[in-house]
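These notes concern the structure reproduced below.
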Protein chains: 2
Amino acid sequence: MVRKPTKSNVKAVSTRKPNMREAILAAAEELFSTYGFNAVSVRDIAQAAGANPGSVTYHFKTKDGLLLEIYRRHCGPMNRRRSELLAAARRVRDLQDRLEAIVRAYVLPAFTSGSDLAGGGTRFTRLRAIMSAEGNEVVRKIIAQTFDDTSHAFIDAIHESLPHIPRTDLVWRGHFLLGALYYTLVTPERVSRLSRGSADGTDAGHAIEELVRATVAALQAAPLDPPISAPRKVPGAAPGRALT
Amino acid sequence: MVRKPTKSNVKAVSTRKPNMREAILAAAEELFSTYGFNAVSVRDIAQAAGANPGSVTYHFKTKDGLLLEIYRRHCGPMNRRRSELLAAARRVRDLQDRLEAIVRAYVLPAFTSGSDLAGGGTRFTRLRAIMSAEGNEVVRKIIAQTFDDTSHAFIDAIHESLPHIPRTDLVWRGHFLLGALYYTLVTPERVSRLSRGSADGTDAGHAIEELVRATVAALQAAPLDPPISAPRKVPGAAPGRALT
DNA sequence: ACCATATTTGTACTATCGTCCAAATAATCA
DNA sequence: TGATTATTTGGACGATAGTACAAATATGGT
(Lines give C-alpha, C1' and ligand atoms only; values in the text may rest on other atoms or scores of the structure.)
Protein backbone atom coordinates (compact mmCIF):
# COMPACT_ATOMS: atom_id res chain seq x y z
CA MET A 1 0.00 0.00 0.00
CA VAL A 2 1.02 3.54 -0.51
CA ARG A 3 2.51 4.58 2.77
CA LYS A 4 3.95 8.01 3.13
CA PRO A 5 7.60 8.22 4.10
CA THR A 6 8.07 9.15 7.72
CA LYS A 7 8.14 12.89 7.87
CA SER A 8 10.47 13.96 10.64
CA ASN A 9 10.05 17.66 10.19
CA VAL A 10 6.52 18.44 11.31
CA LYS A 11 6.54 17.99 15.03
CA ALA A 12 5.49 14.64 16.44
CA VAL A 13 1.97 14.33 15.14
CA SER A 14 1.53 11.07 16.98
CA THR A 15 1.90 7.70 15.31
CA ARG A 16 -1.78 7.35 14.47
CA LYS A 17 -3.17 7.64 10.99
CA PRO A 18 -2.92 11.32 10.21
CA ASN A 19 -5.74 11.26 7.71
CA MET A 20 -7.76 8.16 7.28
CA ARG A 21 -9.80 9.68 4.50
CA GLU A 22 -6.72 10.06 2.34
CA ALA A 23 -5.56 6.56 3.16
CA ILE A 24 -8.87 5.16 2.02
CA LEU A 25 -8.74 7.16 -1.20
CA ALA A 26 -5.22 5.97 -1.94
CA ALA A 27 -6.07 2.36 -1.22
CA ALA A 28 -9.19 2.50 -3.35
CA GLU A 29 -7.32 4.09 -6.21
CA GLU A 30 -4.64 1.44 -6.10
CA LEU A 31 -7.06 -1.47 -5.89
CA PHE A 32 -9.54 -0.15 -8.46
CA SER A 33 -6.80 0.57 -10.96
CA THR A 34 -5.40 -2.93 -10.54
CA TYR A 35 -8.43 -5.19 -10.33
CA GLY A 36 -11.26 -3.02 -11.62
CA PHE A 37 -14.20 -1.53 -9.82
CA ASN A 38 -16.42 -4.57 -9.55
CA ALA A 39 -13.74 -6.95 -8.36
CA VAL A 40 -12.82 -4.86 -5.34
CA SER A 41 -15.05 -4.77 -2.29
CA VAL A 42 -15.43 -1.99 0.22
CA ARG A 43 -13.98 -4.34 2.80
CA ASP A 44 -10.89 -4.90 0.65
CA ILE A 45 -10.34 -1.17 0.50
CA ALA A 46 -10.87 -0.70 4.20
CA GLN A 47 -8.43 -3.45 5.06
CA ALA A 48 -5.81 -2.10 2.68
CA ALA A 49 -6.16 1.33 4.24
CA GLY A 50 -6.11 -0.04 7.76
CA ALA A 51 -9.58 1.32 8.32
CA ASN A 52 -12.97 0.01 9.27
CA PRO A 53 -15.50 -0.68 6.52
CA GLY A 54 -17.87 1.71 8.24
CA SER A 55 -15.38 4.54 7.81
CA VAL A 56 -15.61 4.21 4.06
CA THR A 57 -19.34 4.69 4.23
CA TYR A 58 -18.91 7.59 6.61
CA HIS A 59 -16.54 9.51 4.36
CA PHE A 60 -17.92 8.67 0.95
CA LYS A 61 -21.45 7.48 1.54
CA THR A 62 -21.38 4.81 -1.19
CA LYS A 63 -18.86 2.88 -3.22
CA ASP A 64 -19.77 4.95 -6.26
CA GLY A 65 -19.18 8.08 -4.23
CA LEU A 66 -15.69 6.88 -3.46
CA LEU A 67 -14.98 6.35 -7.13
CA LEU A 68 -16.38 9.76 -7.96
CA GLU A 69 -14.18 11.44 -5.38
CA ILE A 70 -11.11 9.81 -6.91
CA TYR A 71 -12.03 11.33 -10.25
CA ARG A 72 -12.69 14.72 -8.71
CA ARG A 73 -9.29 14.56 -7.13
CA HIS A 74 -7.40 13.99 -10.36
CA CYS A 75 -9.36 15.50 -13.24
CA GLY A 76 -8.71 19.09 -12.29
CA PRO A 77 -4.92 18.95 -11.94
CA MET A 78 -4.52 16.69 -14.94
CA ASN A 79 -6.54 18.86 -17.31
CA ARG A 80 -4.89 22.01 -15.97
CA ARG A 81 -1.50 20.51 -16.69
CA ARG A 82 -2.64 19.45 -20.11
CA SER A 83 -3.84 22.96 -20.89
CA GLU A 84 -0.55 24.45 -19.79
CA LEU A 85 1.49 22.06 -21.88
CA LEU A 86 -0.84 22.53 -24.83
CA ALA A 87 -0.52 26.31 -24.64
CA ALA A 88 3.25 25.98 -24.56
CA ALA A 89 3.18 23.55 -27.47
CA ARG A 90 1.11 25.95 -29.57
CA ARG A 91 3.95 28.47 -29.35
CA VAL A 92 6.49 26.15 -30.95
CA ARG A 93 7.49 27.59 -34.32
CA ASP A 94 8.54 24.59 -36.34
CA LEU A 95 5.43 22.76 -37.53
CA GLN A 96 6.84 19.27 -37.07
CA ASP A 97 8.16 20.09 -33.62
CA ARG A 98 4.89 21.73 -32.69
CA LEU A 99 2.86 18.68 -33.60
CA GLU A 100 5.16 16.51 -31.55
CA ALA A 101 4.90 18.92 -28.63
CA ILE A 102 1.12 18.82 -28.82
CA VAL A 103 1.05 15.05 -28.70
CA ARG A 104 3.51 15.08 -25.83
CA ALA A 105 1.32 17.56 -23.99
CA TYR A 106 -1.52 15.09 -24.27
CA VAL A 107 0.46 12.04 -23.26
CA LEU A 108 2.70 13.35 -20.50
CA PRO A 109 0.07 14.25 -17.89
CA ALA A 110 -1.27 10.74 -18.19
CA PHE A 111 1.98 9.47 -16.73
CA THR A 112 2.77 12.16 -14.18
CA SER A 113 -0.22 13.54 -12.33
CA GLY A 114 -0.16 16.84 -10.53
CA SER A 115 -1.28 15.71 -7.10
CA ASP A 116 0.76 12.57 -6.68
CA LEU A 117 3.95 12.61 -8.66
CA ALA A 118 5.14 9.15 -7.67
CA GLY A 119 3.28 7.06 -10.19
CA GLY A 120 0.00 8.73 -9.33
CA GLY A 121 -0.56 9.74 -12.91
CA THR A 122 -0.20 6.27 -14.31
CA ARG A 123 -2.44 4.89 -11.58
CA PHE A 124 -5.26 7.23 -12.40
CA THR A 125 -4.89 6.69 -16.13
CA ARG A 126 -4.93 2.95 -15.57
CA LEU A 127 -8.09 3.44 -13.58
CA ARG A 128 -9.71 5.36 -16.40
CA ALA A 129 -8.69 2.64 -18.82
CA ILE A 130 -10.31 -0.07 -16.74
CA MET A 131 -13.42 1.99 -16.17
CA SER A 132 -13.89 2.64 -19.87
CA ALA A 133 -13.58 -1.08 -20.49
CA GLU A 134 -16.01 -2.04 -17.75
CA GLY A 135 -18.44 0.55 -19.04
CA ASN A 136 -19.14 1.97 -15.62
CA GLU A 137 -22.16 4.23 -15.92
CA VAL A 138 -21.27 6.45 -12.97
CA VAL A 139 -18.04 7.34 -14.66
CA ARG A 140 -19.21 7.70 -18.23
CA LYS A 141 -20.82 11.04 -17.53
CA ILE A 142 -17.88 12.62 -15.72
CA ILE A 143 -15.60 11.36 -18.45
CA ALA A 144 -17.70 12.91 -21.19
CA GLN A 145 -18.03 16.18 -19.30
CA THR A 146 -14.45 16.53 -18.14
CA PHE A 147 -12.43 15.13 -20.99
CA ASP A 148 -14.35 15.91 -24.13
CA ASP A 149 -13.51 19.60 -23.85
CA THR A 150 -9.83 18.86 -23.49
CA SER A 151 -9.98 16.37 -26.31
CA HIS A 152 -11.58 18.95 -28.58
CA ALA A 153 -8.89 21.46 -27.72
CA PHE A 154 -6.21 18.97 -28.67
CA ILE A 155 -7.94 17.97 -31.86
CA ASP A 156 -8.22 21.61 -32.81
CA ALA A 157 -4.54 22.23 -32.10
CA ILE A 158 -3.57 19.21 -34.12
CA HIS A 159 -5.83 20.32 -36.94
CA GLU A 160 -3.99 23.64 -37.04
CA SER A 161 -0.73 21.81 -37.52
CA LEU A 162 -2.23 19.50 -40.13
CA PRO A 163 -4.91 21.60 -41.86
CA HIS A 164 -4.93 19.39 -44.94
CA ILE A 165 -6.24 16.40 -43.02
CA PRO A 166 -9.98 16.22 -42.33
CA ARG A 167 -11.00 16.57 -38.73
CA THR A 168 -12.72 13.20 -38.78
CA ASP A 169 -9.48 11.39 -39.49
CA LEU A 170 -7.72 13.30 -36.74
CA VAL A 171 -10.46 12.33 -34.30
CA TRP A 172 -9.95 8.71 -35.21
CA ARG A 173 -6.21 8.94 -34.72
CA GLY A 174 -6.58 10.72 -31.42
CA HIS A 175 -8.93 7.94 -30.42
CA PHE A 176 -6.30 5.38 -31.35
CA LEU A 177 -3.74 7.29 -29.33
CA LEU A 178 -5.90 7.09 -26.23
CA GLY A 179 -6.49 3.38 -26.77
CA ALA A 180 -2.78 2.71 -27.16
CA LEU A 181 -2.03 4.77 -24.09
CA TYR A 182 -4.61 2.93 -22.03
CA TYR A 183 -3.51 -0.49 -23.16
CA THR A 184 0.12 0.29 -22.48
CA LEU A 185 -0.66 1.20 -18.89
CA VAL A 186 -3.05 -1.70 -18.35
CA THR A 187 -0.68 -4.44 -19.52
CA PRO A 188 2.78 -3.15 -18.63
CA GLU A 189 4.38 -6.55 -18.93
CA ARG A 190 3.25 -7.50 -22.40
CA VAL A 191 5.80 -5.47 -24.31
CA SER A 192 8.64 -6.89 -22.29
CA ARG A 193 7.41 -10.38 -23.00
CA LEU A 194 7.05 -9.91 -26.76
CA SER A 195 10.36 -8.11 -27.03
CA ARG A 196 12.06 -11.12 -25.49
CA GLY A 197 13.34 -9.01 -22.65
CA SER A 198 15.10 -6.41 -24.73
CA ALA A 199 12.69 -3.68 -23.64
CA ASP A 200 11.48 -2.81 -20.21
CA GLY A 201 7.75 -2.25 -20.26
CA THR A 202 7.89 -0.51 -16.94
CA ASP A 203 10.09 2.28 -18.23
CA ALA A 204 7.54 5.05 -18.55
CA GLY A 205 9.93 7.43 -20.26
CA HIS A 206 10.67 5.05 -23.07
CA ALA A 207 7.01 4.16 -23.47
CA ILE A 208 6.16 7.84 -23.85
CA GLU A 209 8.76 8.34 -26.53
CA GLU A 210 7.59 5.31 -28.48
CA LEU A 211 4.00 6.39 -28.19
CA VAL A 212 4.70 9.97 -29.26
CA ARG A 213 6.79 8.86 -32.22
CA ALA A 214 4.18 6.43 -33.43
CA THR A 215 1.31 8.85 -32.92
CA VAL A 216 2.94 11.74 -34.75
CA ALA A 217 3.52 9.48 -37.72
CA ALA A 218 -0.04 8.23 -37.61
CA LEU A 219 -1.43 11.75 -37.47
CA GLN A 220 0.61 12.78 -40.48
CA ALA A 221 -0.56 9.89 -42.62
CA ALA A 222 -2.55 10.72 -45.72
CA PRO A 223 -6.27 10.86 -44.98
CA LEU A 224 -8.71 8.27 -46.18
CA ASP A 225 -10.25 9.25 -49.50
CA PRO A 226 -14.04 9.52 -49.74
CA PRO A 227 -14.68 6.07 -51.18
CA ILE A 228 -13.50 3.20 -49.02
CA SER A 229 -13.44 1.02 -52.10
CA ALA A 230 -9.80 1.13 -53.13
CA PRO A 231 -7.22 0.56 -50.41
CA ARG A 232 -4.40 1.42 -52.77
CA LYS A 233 -1.26 3.40 -52.38
CA VAL A 234 -2.06 7.07 -52.12
CA PRO A 235 -0.51 9.25 -54.82
CA GLY A 236 0.23 12.93 -54.47
CA ALA A 237 -3.29 13.84 -55.48
CA ALA A 238 -4.44 14.08 -51.89
CA PRO A 239 -5.72 17.44 -50.54
CA GLY A 240 -2.30 17.94 -49.04
CA ARG A 241 0.99 16.16 -48.97
CA ALA A 242 0.99 13.21 -46.66
CA LEU A 243 4.23 13.73 -44.84
CA THR A 244 6.38 16.69 -44.12
CA MET B 1 -21.15 -33.50 -28.54
CA VAL B 2 -23.01 -31.57 -31.17
CA ARG B 3 -26.55 -32.82 -31.34
CA LYS B 4 -28.67 -32.67 -34.42
CA PRO B 5 -32.43 -32.36 -34.71
CA THR B 6 -33.78 -35.74 -35.81
CA LYS B 7 -37.24 -34.28 -36.04
CA SER B 8 -37.89 -32.25 -39.14
CA ASN B 9 -41.51 -31.49 -38.42
CA VAL B 10 -42.55 -28.77 -36.07
CA LYS B 11 -45.40 -30.40 -34.19
CA ALA B 12 -45.99 -29.36 -30.64
CA VAL B 13 -42.32 -29.04 -29.87
CA SER B 14 -43.34 -26.37 -27.38
CA THR B 15 -41.04 -23.37 -27.13
CA ARG B 16 -38.05 -25.18 -25.71
CA LYS B 17 -34.53 -24.29 -26.67
CA PRO B 18 -33.08 -26.66 -29.27
CA ASN B 19 -29.63 -26.34 -27.75
CA MET B 20 -29.45 -24.74 -24.39
CA ARG B 21 -25.70 -25.04 -24.14
CA GLU B 22 -25.21 -22.82 -27.15
CA ALA B 23 -27.77 -20.32 -25.90
CA ILE B 24 -25.93 -20.04 -22.60
CA LEU B 25 -22.62 -19.54 -24.37
CA ALA B 26 -24.06 -16.83 -26.59
CA ALA B 27 -25.70 -15.03 -23.70
CA ALA B 28 -22.55 -15.17 -21.61
CA GLU B 29 -20.45 -13.87 -24.47
CA GLU B 30 -22.79 -10.97 -25.02
CA LEU B 31 -23.04 -10.04 -21.36
CA PHE B 32 -19.35 -10.50 -20.54
CA SER B 33 -18.28 -8.43 -23.52
CA THR B 34 -20.64 -5.65 -22.52
CA TYR B 35 -20.36 -5.42 -18.75
CA GLY B 36 -17.20 -7.35 -17.96
CA PHE B 37 -16.73 -10.65 -16.21
CA ASN B 38 -17.19 -9.58 -12.62
CA ALA B 39 -20.29 -7.48 -13.19
CA VAL B 40 -22.27 -10.34 -14.71
CA SER B 41 -23.70 -13.08 -12.53
CA VAL B 42 -24.43 -16.64 -13.47
CA ARG B 43 -28.08 -15.87 -12.88
CA ASP B 44 -27.94 -12.97 -15.33
CA ILE B 45 -26.57 -15.30 -17.97
CA ALA B 46 -29.13 -17.98 -17.27
CA GLN B 47 -31.98 -15.53 -17.49
CA ALA B 48 -30.71 -14.03 -20.74
CA ALA B 49 -30.44 -17.51 -22.20
CA GLY B 50 -33.83 -18.56 -20.92
CA ALA B 51 -32.20 -21.25 -18.85
CA ASN B 52 -31.98 -22.28 -15.25
CA PRO B 53 -28.93 -21.21 -13.24
CA GLY B 54 -28.29 -24.84 -12.47
CA SER B 55 -27.94 -25.60 -16.17
CA VAL B 56 -24.96 -23.31 -16.37
CA THR B 57 -23.24 -25.26 -13.64
CA TYR B 58 -24.20 -28.50 -15.31
CA HIS B 59 -22.68 -27.61 -18.68
CA PHE B 60 -19.65 -25.61 -17.61
CA LYS B 61 -19.03 -26.57 -14.01
CA THR B 62 -17.94 -23.07 -12.93
CA LYS B 63 -18.21 -19.49 -14.11
CA ASP B 64 -14.53 -19.57 -15.05
CA GLY B 65 -15.18 -22.72 -17.04
CA LEU B 66 -17.81 -20.89 -19.00
CA LEU B 67 -15.40 -18.09 -19.81
CA LEU B 68 -12.75 -20.58 -20.82
CA GLU B 69 -15.13 -22.35 -23.18
CA ILE B 70 -15.92 -19.06 -24.89
CA TYR B 71 -12.22 -18.57 -25.55
CA ARG B 72 -11.80 -22.13 -26.78
CA ARG B 73 -14.64 -21.52 -29.17
CA HIS B 74 -13.10 -18.48 -30.83
CA CYS B 75 -9.33 -18.67 -30.55
CA GLY B 76 -8.94 -21.47 -33.04
CA PRO B 77 -10.94 -20.03 -35.93
CA MET B 78 -9.63 -16.51 -35.36
CA ASN B 79 -5.98 -17.49 -35.37
CA ARG B 80 -6.49 -19.80 -38.31
CA ARG B 81 -8.00 -16.96 -40.26
CA ARG B 82 -5.19 -14.69 -39.24
CA SER B 83 -2.62 -17.18 -40.43
CA GLU B 84 -4.34 -17.55 -43.77
CA LEU B 85 -4.54 -13.81 -44.32
CA LEU B 86 -0.97 -13.38 -43.17
CA ALA B 87 0.27 -16.01 -45.59
CA ALA B 88 -1.57 -14.28 -48.41
CA ALA B 89 -0.21 -10.90 -47.36
CA ARG B 90 3.35 -12.21 -47.39
CA ARG B 91 2.96 -12.95 -51.08
CA VAL B 92 2.17 -9.36 -52.01
CA ARG B 93 5.01 -8.01 -54.14
CA ASP B 94 4.95 -4.28 -53.53
CA LEU B 95 6.52 -3.56 -50.15
CA GLN B 96 4.10 -0.81 -49.17
CA ASP B 97 1.09 -2.86 -50.20
CA ARG B 98 2.47 -5.89 -48.41
CA LEU B 99 2.84 -4.02 -45.14
CA GLU B 100 -0.69 -2.77 -45.43
CA ALA B 101 -1.93 -6.27 -46.18
CA ILE B 102 -0.15 -7.62 -43.14
CA VAL B 103 -1.75 -5.06 -40.87
CA ARG B 104 -5.11 -5.76 -42.44
CA ALA B 105 -4.60 -9.46 -41.86
CA TYR B 106 -4.12 -8.73 -38.19
CA VAL B 107 -7.05 -6.36 -37.84
CA LEU B 108 -9.70 -7.98 -40.00
CA PRO B 109 -10.27 -11.21 -38.05
CA ALA B 110 -10.85 -9.10 -34.94
CA PHE B 111 -13.98 -7.73 -36.60
CA THR B 112 -15.28 -10.77 -38.43
CA SER B 113 -14.90 -14.04 -36.60
CA GLY B 114 -15.03 -17.37 -38.33
CA SER B 115 -17.71 -19.04 -36.28
CA ASP B 116 -20.18 -16.22 -35.95
CA LEU B 117 -20.10 -13.79 -38.82
CA ALA B 118 -22.79 -11.46 -37.54
CA GLY B 119 -20.78 -9.32 -35.20
CA GLY B 120 -19.33 -12.32 -33.47
CA GLY B 121 -15.81 -11.19 -34.13
CA THR B 122 -16.24 -7.78 -32.61
CA ARG B 123 -17.98 -9.31 -29.62
CA PHE B 124 -15.13 -11.64 -28.87
CA THR B 125 -12.53 -8.95 -29.39
CA ARG B 126 -14.46 -6.65 -27.08
CA LEU B 127 -14.46 -9.46 -24.57
CA ARG B 128 -10.70 -9.84 -24.81
CA ALA B 129 -10.32 -6.10 -24.38
CA ILE B 130 -12.37 -6.07 -21.20
CA MET B 131 -10.60 -9.12 -19.85
CA SER B 132 -7.18 -7.61 -20.40
CA ALA B 133 -8.33 -4.50 -18.56
CA GLU B 134 -9.79 -6.41 -15.66
CA GLY B 135 -6.64 -8.45 -15.40
CA ASN B 136 -8.50 -11.73 -15.22
CA GLU B 137 -6.03 -14.39 -14.16
CA VAL B 138 -7.89 -17.30 -15.72
CA VAL B 139 -7.61 -15.62 -19.08
CA ARG B 140 -4.08 -14.27 -18.89
CA LYS B 141 -2.60 -17.68 -19.46
CA ILE B 142 -4.70 -18.65 -22.44
CA ILE B 143 -4.06 -15.22 -23.93
CA ALA B 144 -0.31 -15.57 -23.56
CA GLN B 145 -0.35 -19.11 -24.93
CA THR B 146 -2.72 -18.57 -27.82
CA PHE B 147 -1.91 -15.10 -29.02
CA ASP B 148 1.77 -14.61 -28.41
CA ASP B 149 2.69 -17.02 -31.18
CA THR B 150 0.47 -15.21 -33.63
CA SER B 151 1.78 -11.86 -32.49
CA HIS B 152 5.34 -13.02 -33.04
CA ALA B 153 4.49 -14.19 -36.51
CA PHE B 154 3.04 -10.80 -37.36
CA ILE B 155 5.96 -8.93 -35.85
CA ASP B 156 8.30 -11.08 -37.90
CA ALA B 157 6.36 -10.43 -41.08
CA ILE B 158 6.35 -6.70 -40.41
CA HIS B 159 10.04 -6.79 -39.66
CA GLU B 160 10.66 -8.33 -43.07
CA SER B 161 8.88 -5.41 -44.68
CA LEU B 162 10.68 -2.88 -42.51
CA PRO B 163 14.07 -4.44 -41.83
CA HIS B 164 15.67 -1.10 -41.00
CA ILE B 165 13.48 -0.64 -37.92
CA PRO B 166 14.54 -2.45 -34.74
CA ARG B 167 12.26 -5.21 -33.57
CA THR B 168 11.68 -3.50 -30.26
CA ASP B 169 10.07 -0.50 -31.90
CA LEU B 170 7.87 -2.73 -34.02
CA VAL B 171 6.74 -4.57 -30.91
CA TRP B 172 5.75 -1.29 -29.33
CA ARG B 173 3.82 -0.23 -32.38
CA GLY B 174 2.06 -3.55 -32.64
CA HIS B 175 1.18 -3.13 -29.00
CA PHE B 176 -0.28 0.28 -29.74
CA LEU B 177 -2.26 -1.20 -32.60
CA LEU B 178 -3.85 -3.74 -30.30
CA GLY B 179 -4.67 -1.07 -27.76
CA ALA B 180 -6.25 1.15 -30.39
CA LEU B 181 -8.21 -1.79 -31.73
CA TYR B 182 -9.47 -2.76 -28.30
CA TYR B 183 -10.44 0.76 -27.35
CA THR B 184 -12.28 1.28 -30.61
CA LEU B 185 -14.43 -1.75 -29.98
CA VAL B 186 -14.97 -1.02 -26.31
CA THR B 187 -16.20 2.54 -26.76
CA PRO B 188 -17.92 2.54 -30.14
CA GLU B 189 -19.78 5.76 -29.50
CA ARG B 190 -16.89 8.00 -28.55
CA VAL B 191 -15.66 8.71 -32.05
CA SER B 192 -19.11 9.69 -33.21
CA ARG B 193 -19.42 12.05 -30.29
CA LEU B 194 -16.09 13.76 -30.81
CA SER B 195 -16.63 14.02 -34.55
CA ARG B 196 -19.84 15.90 -33.92
CA GLY B 197 -21.81 13.27 -35.74
CA SER B 198 -19.86 13.37 -38.97
CA ALA B 199 -18.55 9.86 -38.48
CA ASP B 200 -20.38 6.75 -37.49
CA GLY B 201 -18.47 4.84 -34.87
CA THR B 202 -20.49 1.75 -35.53
CA ASP B 203 -19.29 1.45 -39.12
CA ALA B 204 -16.78 -1.33 -38.74
CA GLY B 205 -15.51 -1.02 -42.29
CA HIS B 206 -14.54 2.59 -41.90
CA ALA B 207 -12.97 1.96 -38.52
CA ILE B 208 -10.80 -0.75 -40.03
CA GLU B 209 -9.61 1.52 -42.80
CA GLU B 210 -8.76 4.31 -40.38
CA LEU B 211 -6.96 1.91 -38.11
CA VAL B 212 -4.97 0.32 -40.91
CA ARG B 213 -3.98 3.65 -42.36
CA ALA B 214 -2.83 5.02 -39.02
CA THR B 215 -1.00 1.84 -38.08
CA VAL B 216 0.92 1.54 -41.33
CA ALA B 217 2.12 5.10 -40.91
CA ALA B 218 3.10 4.47 -37.31
CA LEU B 219 5.02 1.33 -38.24
CA GLN B 220 6.96 3.22 -40.91
CA ALA B 221 8.02 6.01 -38.61
CA ALA B 222 11.70 6.43 -37.96
CA PRO B 223 12.80 4.38 -34.97
CA LEU B 224 13.82 5.92 -31.68
CA ASP B 225 17.53 6.52 -31.53
CA PRO B 226 19.49 4.98 -28.66
CA PRO B 227 19.52 8.08 -26.48
CA ILE B 228 16.09 9.33 -25.51
CA SER B 229 17.59 12.73 -24.88
CA ALA B 230 16.84 14.59 -28.08
CA PRO B 231 13.29 14.35 -29.43
CA ARG B 232 14.23 16.28 -32.53
CA LYS B 233 13.33 15.87 -36.12
CA VAL B 234 14.99 12.82 -37.55
CA PRO B 235 17.27 13.51 -40.50
CA GLY B 236 18.18 11.01 -43.15
CA ALA B 237 20.95 9.63 -41.01
CA ALA B 238 18.71 6.94 -39.54
CA PRO B 239 19.49 3.26 -40.28
CA GLY B 240 16.92 3.50 -43.01
CA ARG B 241 14.61 6.07 -44.46
CA ALA B 242 11.53 6.65 -42.38
CA LEU B 243 8.87 6.65 -45.03
CA THR B 244 8.54 5.29 -48.46
C1' DA C 1 -11.78 20.25 32.39
C1' DC C 2 -15.90 20.48 29.81
C1' DC C 3 -18.82 20.06 26.05
C1' DA C 4 -19.84 19.66 21.17
C1' DT C 5 -18.44 17.69 17.23
C1' DA C 6 -15.94 14.53 14.19
C1' DT C 7 -14.51 10.17 13.47
C1' DT C 8 -13.99 5.24 14.25
C1' DT C 9 -15.72 0.82 15.62
C1' DG C 10 -18.48 -3.28 15.84
C1' DT C 11 -22.29 -5.34 14.37
C1' DA C 12 -26.31 -6.41 11.85
C1' DC C 13 -29.37 -6.27 8.00
C1' DT C 14 -30.80 -7.62 3.44
C1' DA C 15 -29.50 -8.96 -1.14
C1' DT C 16 -26.99 -11.53 -4.11
C1' DC C 17 -23.11 -14.26 -5.22
C1' DG C 18 -21.20 -19.13 -7.06
C1' DT C 19 -22.07 -23.63 -6.43
C1' DC C 20 -24.32 -27.86 -5.14
C1' DC C 21 -27.96 -31.45 -5.08
C1' DA C 22 -31.99 -34.41 -5.40
C1' DA C 23 -36.03 -34.80 -7.90
C1' DA C 24 -38.40 -34.14 -12.31
C1' DT C 25 -38.38 -34.36 -17.14
C1' DA C 26 -36.69 -35.24 -21.93
C1' DA C 27 -33.98 -37.90 -25.18
C1' DT C 28 -31.79 -42.19 -26.78
C1' DC C 29 -31.43 -46.87 -27.86
C1' DA C 30 -31.62 -52.17 -26.84
C1' DT D 1 -41.83 -50.59 -25.34
C1' DG D 2 -38.92 -50.16 -21.07
C1' DA D 3 -34.37 -49.10 -19.50
C1' DT D 4 -30.80 -45.89 -19.43
C1' DT D 5 -28.77 -41.71 -19.88
C1' DA D 6 -28.77 -36.68 -20.51
C1' DT D 7 -30.63 -32.54 -19.26
C1' DT D 8 -33.47 -29.28 -16.72
C1' DT D 9 -35.55 -27.73 -12.63
C1' DG D 10 -36.25 -25.48 -8.14
C1' DG D 11 -34.47 -24.96 -3.95
C1' DA D 12 -30.85 -24.68 -0.67
C1' DC D 13 -26.21 -23.74 1.24
C1' DG D 14 -22.46 -20.83 2.97
C1' DA D 15 -19.93 -16.77 1.70
C1' DT D 16 -19.73 -12.21 0.73
C1' DA D 17 -21.58 -8.01 -1.10
C1' DG D 18 -23.05 -2.80 0.06
C1' DT D 19 -24.92 -0.20 3.41
C1' DA D 20 -26.93 1.45 7.90
C1' DC D 21 -26.70 2.56 12.71
C1' DA D 22 -25.81 2.99 17.63
C1' DA D 23 -22.13 2.90 20.75
C1' DA D 24 -17.39 4.05 21.59
C1' DT D 25 -13.61 7.07 21.07
C1' DA D 26 -10.79 10.99 19.54
C1' DT D 27 -10.51 15.92 18.61
C1' DG D 28 -10.72 20.88 19.21
C1' DG D 29 -12.43 25.20 21.09
C1' DT D 30 -13.44 27.61 25.38
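Lettering follows sequence order; numbering is per chain, from 1.
- A/V40 comes within 4.0 angstrom of the backbone, heavy atoms only, and of no base.
- Within 4.0 Å of B/R43, counting heavy atoms only, lies at least one base atom of the nucleic acid.
- Rounding to whole angstrom units, CD of residue B/Q47 and P of D/dT9 are separated by 13 Å.
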Candidate pair B/E209 and B/R213, rule salt bridge (charged side-chain N to carboxylate O under 4.0 Å, His left out), full reasoning: CA-CA 6 Å; B/E209 293 312 311; B/R213 175 64 57 95; over 6 Å; no
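- Take the nearest nucleotide of DNA chain D for A/A39 and for A/K61: the residue whose nucleotide is more 5' is A/A39.
- A distance-only check finds no donor-acceptor pair linking the side chain of A/H175 to the backbone of A/V171 [under 3.5 Å].
- Nucleotide D/dT8 holds its P atom 15 Å from the CD1 atom of B/I45, rounded to whole Å.
- The separation between B/F60 atom CZ and D/dT7 atom P is 11 Å, rounded to whole Å.
- Distances shown here put every side-chain N or O of A/N52 at or beyond 4.0 Å from the OP1 or OP2 atom of C/dT8.
- Residues A/L31 and A/V40 approach most closely at O-CG2, 3.6 Å, considering heavy atoms.
- To the nearest angstrom, P of D/dT8 lies 12 Å from CD of B/E22.
- Of the side-chain N and O atoms in A/Y58, one or more sit less than 4.0 angstrom from OP1 or OP2 of C/dT7.
- Taking atom CG on B/L31 and atom P on C/dG18, their separation rounds to 12 Å, with Å as the unit.
- Note that the CG atom of A/L211 and the OH atom of A/Y183 stand 14.5 Å from one another [nearest 0.5 Å].
- Residue A/L67 contributes atom CG, which lies 12 Å from atom P of D/dT19 at whole-angstrom precision.
- As rounded to whole Å, 17 Å separates atom C1' of C/dA27 from atom CZ of B/R21.
- When the side-chain nitrogen and oxygen atoms of B/H59 are compared with OP1 and OP2 of D/dT8, one or more of them lie within a distance under 4.0 Å.
- When heavy atoms are screened at a 4.0 angstrom cut-off, B/S41 is found touching the sugar-phosphate backbone but no base atom.
- Formation of a donor-acceptor pair under 3.5 Å by the B/T125 side chain with backbone atoms of B/A110 is found in this model.
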